[in-house]
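Okay, so here's the structure we're looking at.
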Amino acid sequence: ETLDPTWYERKLWHWYDCTDWAANLHNCPTVAYSGELDSQKQAADIMQQALAQQRLDLVHIIGPETKHAYHPEARDTVDRLLASIADRGRQRLPREVRFTTYTLKYNHMSWVTIDAISEHWQQARVDAKLGPSFVLARTQNVTDLTLDMPAGWAPFDSVRPVELRIDGEVLETYPPRSDRSWKVQLHSVAGSWQLGARPGDGLRKRHDLQGPVDDAFMDSFIFVRPTGKARHEAVEKWTAAELTRAIEHWRRHFRGEARVKDDRQISDDDIASSNLILWGDPSSNTVLSRIADKLPIRWTSDEVVVGERRFAADHHAPILIYPNPLNPQRYVVLNSSFTFREYAYLNNARQVPKLPDWAIVDLTTPPNTLWPGKIAAADFFNESWQLRSPREE
């Protein structure tokens, strides 16, 4: 099977590819060190180029004729620079924030929080600066925003409204409160900013509820084992094998014992406190049967239906992540643990998500060290957790 990355793998590289996040070092004093002969020096060299594109000049200390170790003189130089940075201390309220993200998983920097974006895995950015009685901000791919300064730290006049100049618009906001805190929430409508949080309580991607599949394993989760019989033998064998593998590989890779409970043992407390990883199909897993008609992908005895696309249920199975219809503050995941497999274990640079928010697996192709089977279709949900139009890649 080809090792060429799929379009969705490339998008998911934005989660961890440091060059994409280089602009954030505007807000973090940084010193790099490399041995002159260290093969890993290339990482700092690449970051130096990425920072140059952000008009940042990286301080890169080189240990002469040194491999993967500290050169004594270079170490002294690094120590001196870091001590000076420590003496300056943390800027509790920087006058300027330049913040880049690709996911609401990481949506906050200092007094700027991005609450929603137009499209995940595209660059979202906020450049914000404090003036004497105003805030100047420029945004990209951002639809909901909070500016929040804690008690004692708002630098504005306590009786004058603060003017917010954002993307060419001017909004008059509130003065700081008596404790010198200041908080403004904004949302855009048809490209125009309005004060206040976005009305309505419909499903939207938000911080810690934005996918992809692997995000469910960054918090409390339970593998939910089916106790019934699946509709099709191939599905039953595949889900049972993938669950057995998931339990084993969580222990092997993350050095912990995954919690496993039978579907009929799942309690209200479990639903409230944990992401539920459901194995099996709607016939074999009672929890899945409760929510199957509330998911955007339908799984019947005959077919798996994804919008206009249909896949025969006797040899296809869905993987997906979605807000749990029984508790939309938590995830439900179907038939998947973390999505990188044995091929990635050799090098942690490979240990990144392989699948987006949903995938359809063709079970006629056996699982291997890369995939749980042949991926017949896969995509992200949109920002409202609904199916997007089929794409051509």
Side-chain angles (χ1 to χ4, degrees), residues 8 203 209 211-216 221-246 260-264 266 270-271 275-328 330-337 339 354-367 371-382 384-391:
Y8 46 83
L203 278 183
L209 203 76
V213 169
D214 294 71
D215 191 52
F221 70 90
I222 301 172
F223 286 148
V224 182
R225 179 169 46 209
T227 55
K229 185 172 180 57
R231 294 162 175 155
H232 300 285
E233 182 180 6
V235 172
E236 178 146 335
K237 288 182 177 179
W238 178 78
T239 56
E242 286 293 293
L243 170 56
T244 299
R245 180 191 176 278
V260 184
K261 297 184 74 170
D262 287 347
D263 52 1
R264 300 182 186 280
I266 294 299
D270 294 329
I271 293 169
N275 300 322
L276 301 184
I277 318 304
L278 308 181
W279 302 88
D281 72 357
S283 291
S284 63
N285 191 304
T286 58
V287 180
L288 178 51
S289 70
R290 292 172 63 187
I291 65 171
D293 62 348
K294 299 178 179 64
L295 300 177
I297 292 177
R298 291 195 298 114
W299 194 0
T300 72
S301 58
D302 297 321
E303 56 190 5
V304 181
V305 182
V306 186
E308 298 299 318
R309 290 170 286 181
R310 286 170 158 73
F311 304 87
D314 63 347
H315 65 279
H316 289 91
I319 287 172
L320 67 81
I321 186 169
Y322 193 74
N324 187 349
L326 303 176
N327 173 18
R330 290 284 184 176
Y331 288 123
V332 65
V333 171
L334 302 191
N335 294 313
S336 182
S337 182
T339 59
K354 298 281 287 180
L355 292 175
D357 296 340
W358 64 266
I360 304 300
V361 185
D362 184 340
L363 308 182
T364 60
T365 298
W371 304 106
K374 181 180 179 181
I375 305 302
D379 205 343
F380 300 92
F381 292 117
N382 67 18
S384 298
W385 282 105
Q386 296 303 307
L387 291 168
R388 306 196 308 174
S389 299
R391 57 183 298 133

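Counting from 1, the numbers follow the sequence of the chain as shown.
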Next on the checklist: What I'd like to find out is whether the side chain of Leu387 reaches to under 4.5 Å of the side chain of Ile297, using heavy atoms alone.
Outcome noted: yes
Next on the checklist: Looking at every heavy atom in both Pro356 and Tyr8, which two are closest together, and how far apart are they?
Outcome noted: CD-CD1, 3.5 Å
Checklist outcome for this item: For Val213 and Ser337 the tightest heavy-atom approach is CG1-O, 3.9 Å
Checklist entry - How close do Pro325 and Val332 get, heavy atom to heavy atom, and via which atoms? => result CD-CG1, 4.2 Å
Checklist entry - CG/Asp379 to CH2/Trp358 distance, rounded to the nearest 0.5 angstrom? => result 5.5 Å
Next on the checklist: Return the OG to CZ distance between Ser283 and Arg231, rounded to the nearest 0.5 Å.
Outcome noted: 3.5 Å
Item to check | salt bridge (charged side-chain N to carboxylate O under 4.0 Å, His left out) partners of Glu242, counting only residues at least two apart | outcome: Arg341
Item to check | Pairwise ring-ring contact (aromatic ring centres under 6.0 Å, His included) hits with a residue in residues 282-309, at least two apart | outcome: none
Checklist entry - Any idea which heavy atoms bring Pro366 and Thr364 closest together, and the distance? => result CD-O, 3.7 Å
Next on the checklist: Would you say that Val361 contacts Asn335 through its side chain, given a criterion of any heavy-atom pair below 4.5 Å between the two side chains?
Outcome noted: no
Next on the checklist: List the residues meeting salt bridge (charged side-chain N to carboxylate O under 4.0 Å, His left out) with Lys229, not counting sequence neighbours, and say none if there are none.
Outcome noted: none
Item to check | Within-4.5 Å side-chain heavy-atom neighbours: Ser384 and Leu203 | outcome: no
Item to check | Under 3.5 Å: donor-acceptor pair, side chain of Arg330, backbone of Asp270 | outcome: no
Item to check | Which atom of Asp263 lies closest to which atom of Val224, heavy atoms considered | outcome: CA-CG1, 3.5 Å
Item to check | Backbone of Pro372 reached by a side-chain donor or acceptor of Trp238 within 3.5 Å | outcome: yes
Checklist entry - If every non-hydrogen atom of Ser284 is compared with every non-hydrogen atom of Pro226, which pair is closest and at what distance? => result O-CB, 3.3 Å
Item to check | Point-to-point distance, once rounded to the nearest 0.5 Å, from CG of Asn327 to CD1 of Ile291 | outcome: 11.5 Å
Checklist entry - When you look at Thr286 and Arg264, which way does the side-chain hydrogen bond (donor to acceptor under 3.5 Å, both in side chains) test go after all the steps? => result CA-CA 7 Å; Thr286 58; Arg264 300 182 186 280; 5.0 Å; no
Item to check | Heavy atoms of other groups near Gln386 CD, more than 12 under 6.0 Å | outcome: yes
Next on the checklist: Please report the interatomic distance CG(Asn382) to CG(Asp357), rounded to the nearest 0.5 Å.
Outcome noted: 9.5 Å
Please set out all donor-acceptor pairs under 3.5 angstrom arising from side-chain atoms of residues 314-324, sequence neighbours excluded.
{"from": "His316", "atom 1": "ND1", "to": "Ala312", "atom 2": "O", "distance (Å)": "2.9"}
{"from": "Asn324", "atom 1": "OD1", "to": "Leu326", "atom 2": "N", "distance (Å)": "3.0"}

Checklist entry - In chain order, what residues pass the ring pair (Phe, Tyr, Trp, His ring centres under 6.0 Å) check against Trp279, with sequence neighbours excluded? => result Phe223
Item to check | Residue pairs fulfilling salt bridge (Lys or Arg N to Asp or Glu O under 4.0 Å) with at least one residue in residues 276-305, sequence neighbours excluded | outcome: Glu303-Arg310
Checklist entry - Between atom CD1 of Ile375 and atom OG1 of Thr365, what is the distance when rounded to the nearest 0.5 Å? => result 9.5 Å
Next on the checklist: Please check: side-chain N/O of Asp362 versus main-chain N/O of Ala376, any donor-acceptor pairing under 3.5 Å?
Outcome noted: no
Next on the checklist: Checking the side chain of Asn275 only, and the main-chain atoms of Tyr331 only, is there a donor and an acceptor separated by less than 3.5 Å?
Outcome noted: yes
Item to check | Nearest-0.5 Å distance, CD1 of residue Ile266 to CD1 of residue Ile222 | outcome: 4.5 Å
